[in-house]
Amino acid sequence: MAKIMRQPKPKADKGADLDVLHPNREAVIAGRKVTLREYGFVEGLRLRPLTKPFTDDLYAVFFNGIVPDYEQVLDIIGRHADTVMELAAKSADVEVEWVRTLSHADGDLLLLLWWGANSHFFIQNLLRRSGIEQEVARLQRLAGATSTPHSLPTTTTQSSSATTPSAS
């Protein structure tokens, strides 16, 4: 009698684990060796004012009920080109002026490496925002269903003795 043996599920690609633990990307771009690194915690906090308009537009596309395609994301990057150049330059520890001189092919490579190193930073911010907004909406629904007046009614009733004649 033959036995059906189940094969163990293949383990996740160890390369994916390394991307999370060490997301830096290295390349030679326009003759210059660069390492695009993930933003650190404090650096990420300091970048929030700069990244907010960019992440607001990303959020609007990613959380509208459809998965955006590459062209839609490139359109957002194009609307925020100066910001993205500054963010990529900071990640690569290069000058923004150098980034502006890149050819189309070198700029594309820089952009892809930058996103590879820092997409986690942006996606986590988007997911956190979505989770917070969902929780606020849930709490508002709960509060609306069980809400009670915040104060007592402002009208008062007069004592019945003042308006009722005495029985004498």
Side-chain angles (χ1 to χ4, degrees), residues 11-148 150-151:
K11 292 185 178 182
D13 180 21
K14 291 185 192 263
D17 294 338
L18 287 175
D19 281 349
V20 172
L21 294 174
H22 186 68
N24 294 353
R25 305 290 197 268
E26 294 180 351
V28 175
I29 300 176
R32 184 175 183 176
K33 183 177 180 184
V34 295
T35 301
L36 286 105
R37 59 179 176 68
E38 180 181 32
Y39 304 125
F41 173 68
V42 173
E43 185 177 27
L45 289 175
R46 289 184 177 139
L47 288 173
R48 285 182 61 88
L50 177 65
T51 63
K52 184 161 179 20
F54 176 60
T55 56
D56 285 350
D57 279 1
L58 283 175
Y59 186 83
V61 169
F62 275 85
F63 291 95
N64 72 356
I66 62 167
V67 177
D69 63 25
Y70 180 70
E71 291 299 317
Q72 289 172 301
V73 174
L74 275 181
D75 289 344
I76 294 170
I77 290 171
R79 282 194 300 274
H80 300 279
D82 289 335
T83 298
V84 170
M85 283 189 287
E86 187 174 340
L87 292 168
K90 187 169 286 298
S91 172
D93 293 319
V94 298
E95 308 77 25
V96 175
E97 294 75 27
W98 178 79
V99 174
R100 288 189 175 121
T101 68
L102 295 176
S103 69
H104 183 71
D106 286 336
D108 272 351
L109 178 57
L110 181 77
L111 183 64
L112 289 171
L113 295 174
W114 166 73
W115 186 255
N118 288 289
S119 60
H120 182 75
F121 169 80
F122 292 100
I123 299 302
Q124 286 301 316
N125 285 333
L126 298 177
L127 291 172
R128 185 180 316 109
R129 178 176 171 182
S130 175
I132 290 168
E133 287 181 4
Q134 289 175 10
E135 183 65 11
V136 167
R138 185 185 75 79
L139 292 172
Q140 287 174 338
R141 283 191 306 274
L142 287 174
T146 60
S147 67
T148 58
H150 293 289
S151 62

Looking at [atom1] of [X] and [atom2] of [Y], how far apart are the two atoms once the value is rounded to the nearest 0.5 Å?
X	Y	atom1	atom2	value
Met85	Leu111	CE	CG	11.0 Å
Asn118	Leu87	CG	CG	8.0 Å
His120	Glu38	NE2	CD	6.5 Å
Leu109	His104	CG	NE2	11.5 Å
Asp106	Trp98	CG	CH2	7.0 Å
Lys90	Leu47	NZ	CG	6.0 Å

Side chains of [X] and [Y] in contact at under 4.5 Å (non-hydrogen atoms):
X	Y	value
Thr101	Glu97	no
Val94	Val99	yes
Thr55	Phe62	no
His80	Asp56	no
Arg79	Asp57	yes
Val34	Val28	no
Leu36	Asn24	no

Handout entry: Test: Glu95 and Arg32 ion pair at under 4.0 Å
Key =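 Salt bridge: yes.
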Problem - Residues Arg46, Glu43: salt bridge by 4.0 Å N-O rule - result: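 Glu43 and Arg46: not salt-bridged.
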Problem - Residue among Tyr39, Phe121, Phe122 satisfying ring pair (Phe, Tyr, Trp, His ring centres under 6.0 Å) with Trp114 - result: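 That would be Phe122; it is the only one of Tyr39, Phe121, Phe122 passing the ring pair (Phe, Tyr, Trp, His ring centres under 6.0 Å) with Trp114.
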Practice task
Determine yes or no for a side-chain-to-main-chain donor-acceptor pair under 3.5 angstrom, with Thr51 supplying the side chain and Phe54 the backbone.
Solution key: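 Pair absent, no side-chain N/O of Thr51 close to backbone of Phe54.
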Practice task
Could you pull out the closest heavy-atom pair between Ser91 and Arg37, with the gap in Å?
Solution key: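 Nearest heavy atoms, Ser91 then Arg37: OG-O, 2.6 Å.
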Exercise for the section: Of all the heavy-atom pairs spanning Leu102 and Ile29, show the shortest one and how long it is. Expected result: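 Heavy-atom minimum between the residues: CD2-CG2, 3.9 Å.
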